[in-house]
Number of protein chains: 2
Amino acid sequence: MATLSIPNPVPSAIEDAEKLRKAFQGWGTDEKAMIAVLAHRDAAQRKQIKIAYEEQYKEKLLKRIESEISGHFERAVYRWIFDPVERQAIMANIAIKNKVVDFPVIIEIACINSSNELLSVKQVYQSLYKHSMEEDVASHATGDFRKLLFALVGTYRYDGEEINTELAKTEAKILNDAITKGEYNSDEIIRILSTRSKAQLQATFNCYKDAHNLSITKALSTKTPNDFVIALRAAIRCRTTPTKYFEKVLRNILQKSGMDEDALTRVIVMHAEKDLKEIKELFQTRANMTLEQAVAKKTSGDYENFLLALIGN
Amino acid sequence: MATLSIPNPVPSAIEDAEKLRKAFQGWGTDEKAMIAVLAHRDAAQRKQIKIAYEEQYKEKLLKRIESEISGHFERAVYRWIFDPVERQAIMANIAIKNKVVDFPVIIEIACINSSNELLSVKQVYQSLYKHSMEEDVASHATGDFRKLLFALVGTYRYDGEEINTELAKTEAKILNDAITKGEYNSDEIIRILSTRSKAQLQATFNCYKDAHNLSITKALSTKTPNDFVIALRAAIRCRTTPTKYFEKVLRNILQKSGMDEDALTRVIVMHAEKDLKEIKELFQTRANMTLEQAVAKKTSGDYENFLLALIGN
């Protein structure tokens with residue numbers, strides 16, 4: 001479930017546009033008023049506000065926001081304001097164009113969505129960038145990452161429930177053979193992980209666990225994990241246990257020294273309107289503090305206020 | 001343009017179903033009557049006939065056809081009777097399940113269709129086989145063929161016209177470097193060929209030709225071509241000059257010793273309702289005989305009559 005909270009009754013898009021305009025005007029920006037509007041409207045409502053604002057004031061809302069605020073707060077608002085499909089297309093493009101492809105973003109988008117949801121992201125990606133997501137991934141990623149990310153993004157997977165138990169056994173063995181030999185970049189691991197349906201993959205991983213008394217992700221927990229093994233584990237967890245995956249991502253960000261604001265923004269912005277409630281509940285059990293407390297400890301100012309509003313504070 | 005000819009006015013589906021029923025009954029099958037109906041109706045009409053037949057006579061039309069006729073004639077009717085999307089899904093599955101993946105079928109289906117057409121084929125494939133086409137290609141093909149076929153099938157390509165001329169130059173050079181070194185199975189050749197849009201690919205091949213005074217397909221005409229190089233050339237030609245490609249396929253089948261009925265059936269059945277007219281005209285120029293004459297020389301009986309009817313004789 002979502003953590004996004006929307007007032008009832010919700011103001012009209014024209015009223016919201018007026019409030020934003022007022023927040024932008026005068027000396028400084030009224031960030032609290034901005035957050036009160038933007039962090040409490042769903043994707044369809046935000047879209048209507050954008051249209052109303054641009055009709056009324058003859059300026060692009062996004063451009064105005066960029067000129068009014070800055071830093072992590074600006075980046076978070078910029079990501080939040082789009083609808084989920086457009087947002088993912090934009091985030092995928094930013095991740096691909098990074099000096100080194102920001103693989104967690106691509107893995108999450110490729111693995112969390114259903115086949116048709118991912119297809120919608122790819123369609124919007126094409127309309128925005130006049131390229132396919134596949135060609136950009138393939139031409140920017142290199143080596144093993146190219147193989148993995150291309151296969152994850154490229155496969156229009158079967159989303160149905162039918163599974164083949166014999167195949168699950170065979171492929172659990174193939175996975176174990178590769179892992180035992182330390183061949184984590186094996187074409188077979190990549191093939192199974194990227195092309196099999198969620199139900200089939202789950203059956204394979206269950207066979208793996210039954211045979212080796214060890215989960216596949218644990219088996220991939222090498223002593224000195226390299227980025228590729230980290231990517232494999234992320235893909236496995238996004239495809240089979242996404243709530244646990246995102247909870248762990250949040251814990252890694254919020255409980256370790258250092259801080260990755262882009263990752264924190266990404267997880268909260270992408271899930272606030274979807275399933276952040278489950279992630280947040282799991283976080284509280286695992287981290288012995290609420291997600292709000294953890295976010296408040298590591299962030300500050302308008303960025304903090306904005307994230308807390310999305311988390312449902 | 002199509003070569004399929006449909007009578008005007010066209011009989012109702014119920015009348016056609018009756019004619020088929022009559023053709024099946026009695027001593028032997030009246031193949032001529034079957035052909036007169038089935039080879040002169042478009043996909044939508046064939047579907048209606050199937051429905052009308054099954055409602056009227058409480059038996060599956062396809063099962064009945066299979067029990068009435070045999071050999072190449074049966075295989076051709078069996079392929080023809082489906083609508084183009086379902087037909088391609090079935091043909092892809094047969095090709096994948098072949099002892100060695102029948103790569104021309106997969107290459108043609110992956111490269112001739114627009115992105116959305118290919119997507120439709122993949123959707124029907126999933127509903128028929130409860131698997132994705134990608135996972136079946138990836139788990140049945142091996143080695144370099146797996147890489148090529150998976151990438152061709154997996155990419156939801158950009159179908160627009162926007163191109164990047166600098167990129168075309170860079171990638172023409174990448175292609176040339178790989179070809180010069182004889183590295184035909186290079187990941188870069190596969191990447192460019194499978195992920196780039198048709199317009200971008202054409203620009204790249206034009207740059208290649210300008211720089212080397214030689215077309216890319218000629219550059220790939222090795223003295224002793226292996227199957228993989230043949231596959232690369234087929235993919236290039238399907239993606240850029242499909243009419244020429246299919247004309248050449250027909251000439252290879254019909255003018256060489258030996259005979260590949262499955263390939264002949266495939267090309268005629270897949271194109272009769274679409275663009276066989278252009279292919280046929282080109283054939284006549286190149287082969288110094290009409291396609292009808294060439295087909296008549298190499299086939300016989302009902303199979304011959306059926307193909308000739310589809311060719312528009």
Side-chain angles (χ1 to χ4, degrees), chain A residues 110 114-116 118-147 149-164 167 170-171 174 187-201 204, chain B residues 110 114-116 118-147 149-164 167 170-171 174 187-201 204:
Chain A
S114 72
S115 292
N116 283 329
L118 178 57
L119 176 67
S120 302
V121 174
K122 292 196 223 177
Q123 285 168 332
V124 170
Y125 189 100
Q126 290 194 11
S127 72
L128 290 173
Y129 306 110
K130 311 299 173 197
H131 271 186
S132 67
M133 201 192 288
E134 289 91 329
E135 73 185 299
D136 285 351
V137 164
S139 63
H140 285 85
T142 53
D144 296 331
F145 275 97
R146 177 197 288 184
K147 285 190 210 170
L149 299 180
F150 176 74
L152 287 172
V153 170
T155 307
Y156 182 74
R157 283 179 282 271
Y158 169 61
D159 280 338
E161 290 304 317
E162 279 200 35
I163 60 164
N164 176 334
L167 185 68
T170 315
E171 297 199 332
I174 293 174
D187 285 351
E188 287 294 87
I189 293 185
I190 293 173
R191 174 183 67 75
I192 294 168
L193 195 49
S194 57
T195 69
R196 293 304 183 194
S197 72
K198 187 175 172 173
Q200 182 68 39
L201 208 53
T204 301
Chain B
S114 71
S115 292
N116 284 329
L118 178 57
L119 176 66
S120 302
V121 174
K122 292 196 226 178
Q123 286 168 332
V124 170
Y125 189 99
Q126 290 194 10
S127 71
L128 290 174
Y129 306 111
K130 312 299 173 198
H131 269 189
S132 68
M133 200 192 288
E134 288 92 329
E135 71 186 300
D136 285 351
V137 165
S139 62
H140 285 86
T142 54
D144 296 332
F145 275 97
R146 176 198 287 186
K147 285 189 210 171
L149 299 180
F150 176 73
L152 287 172
V153 169
T155 308
Y156 182 75
R157 282 179 283 272
Y158 169 62
D159 279 339
E161 289 304 316
E162 277 198 38
I163 60 163
N164 177 334
L167 184 69
T170 315
E171 296 198 333
I174 292 174
D187 284 351
E188 286 295 86
I189 294 185
I190 293 172
R191 173 183 67 78
I192 294 168
L193 194 49
S194 56
T195 69
R196 293 304 184 193
S197 71
K198 185 173 175 175
Q200 182 67 40
L201 207 54
T204 300

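Values reported hereafter were calculated over all heavy atoms of this structure, with side chains retained and with hydrogens, waters and symmetry mates removed.
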* Value rounded to 0.5 Å, distance of CD in A:Glu135 from CG in B:Leu167 -> 8.0 Å
* B:Tyr156 versus A:Gln126, side-chain donor and acceptor atoms under 3.5 Å -> no
* Structure fact -> Cut-off 4.5 Å, heavy atoms of chain B, and the answer for A:Ser139 is both
* Between B:Ser194, B:Gly154, B:Ser115, which residue shows the highest count of heavy-atom pairs closer than 4.5 Å to chain A? -> B:Gly154
* Got a second to check how far B:His131's NE2 is from A:Gln200's CD, nearest 0.5 Å? -> 6.0 Å
* To do: Might you work through the side chain to side chain contact (heavy atoms under 4.5 Å, CB included) test for A:Glu161 and B:Lys130, ending with a clear yes or no?
  => CA-CA 8 Å; A:Glu161 290 304 317; B:Lys130 312 299 173 198; over 6 Å; no
* Output yes when B:Glu134 and A:Arg196 qualify as a salt bridge under the 4.0 Å nitrogen-oxygen rule, no when they do not. => no
* Contact class of A:Asn164 relative to chain B, heavy atoms under 4.5 angstrom -> neither
* **Spacing of B:Thr195 atom OG1 and A:Phe150 atom CZ [to the nearest 0.5 Å]** => 6.5 Å
* To do: Find the distance between CG (B:Leu119) and CG (A:Asn116) and round it off to the nearest 0.5 Å.
  => 7.5 Å
* To do: Look at B:Ser127, B:Gly160, B:Ala151, B:Ser197 and state which one has the largest set of heavy-atom pairs under 4.5 Å with chain A.
  => B:Ala151
* **side chain to side chain contact (heavy atoms under 4.5 Å, CB included) between B:Lys122 and A:Thr155, worked out** => CA-CA 10 Å; B:Lys122 292 196 226 178; A:Thr155 307; over 6 Å; no
* Hey, are the side chains of B:Arg146 and A:Arg191 touching, using non-hydrogen atoms and a 4.5 Å cut-off? -> yes
